[in-house]
Amino acid sequence: MFLYTLFIYIYNIFVRFAALFSEKARLWVKGRKNIFQNISKKIISEEKIAWFHCSSLGEFEQGRPLMEGFRKQHPQYKILLTFF
């Protein structure tokens, strides 16, 4: 766990440095800024929520049947979908 955390920290530093020169890296940083605070502002704590995260369009397409099936079996849940 320590090595993973260290790698993520170092990766974040490199991406922020790359953002000085790359529009794509700049958008990556901007898109993640305050992401959890923004999500929590839109969630009502009493609601039942199922959170699905997709890291690519292909992953979303593969996960769509799973989300649709979940929705049919658990209509009381709202689906939170994050996608980077």
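Treat the numbers as computed from the prediction; the structure is a model and nothing was measured.
Between Glu23 and Leu27 the shortest side-chain heavy-atom distance falls below 4.5 Å. Inter-residue side-chain proximity for Ile43 and Ile39 is flagged as met; some heavy-atom pair is nearer than 4.5 Å. The closest side-chain heavy-atom distance from Phe60 to Met67 is below 4.5 Å.
Between Glu59 and Cys54, the closest heavy-atom pair is OE2-CA, 3.2 Å. In terms of heavy atoms, Ala18 sits closest to Ala25 at C-CB, 3.8 Å. Closest of all the heavy-atom pairs between Val29 and Arg16 is CG1-NH1, 3.5 Å.
Ser40 places a side-chain N or O within 3.5 Å of a backbone atom of Gln37 that can act as its donor or acceptor partner.
Evaluation of the side chain to side chain contact (heavy atoms under 4.5 Å, CB included) rule for Glu46 yields Ile44 as partners, not counting sequence neighbours.
By the rule that hydrophobic residues join a cluster once side-chain heavy atoms approach within less than 4.5 Å of another member, Phe17 and Ile8 end up as members of separate clusters. Both Phe2 and Ile10 are assigned to one and the same hydrophobic cluster, defined by single-linkage of ILVMFWY side chains at heavy-atom distances under 4.5 Å.
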For side-chain contact (heavy atoms from CB on, under 4.5 Å), just list the numbers for Phe52 and Phe70, CA-CA rounded to whole Å, side-chain angles, deciding distance to a tenth of an Å, and then say yes or no. CA-CA 11 Å; Phe52 293 88; Phe70 182 88; 4.1 Å; yes

Would you mind writing out the side-chain donor-acceptor pairs for residues 73-84 within the sub-3.5 Å range, not counting sequence neighbours?
residue	atom	partner	partner atom	Å
Lys78	NZ	Glu47	OE2	2.8
Thr82	OG1	Trp51	NE1	3.0
Thr82	OG1	His53	ND1	2.7

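Between the CH2 atom of Trp28 and the CG atom of Asn12 there is a distance of 5.5 Å, given to the nearest 0.5 Å.
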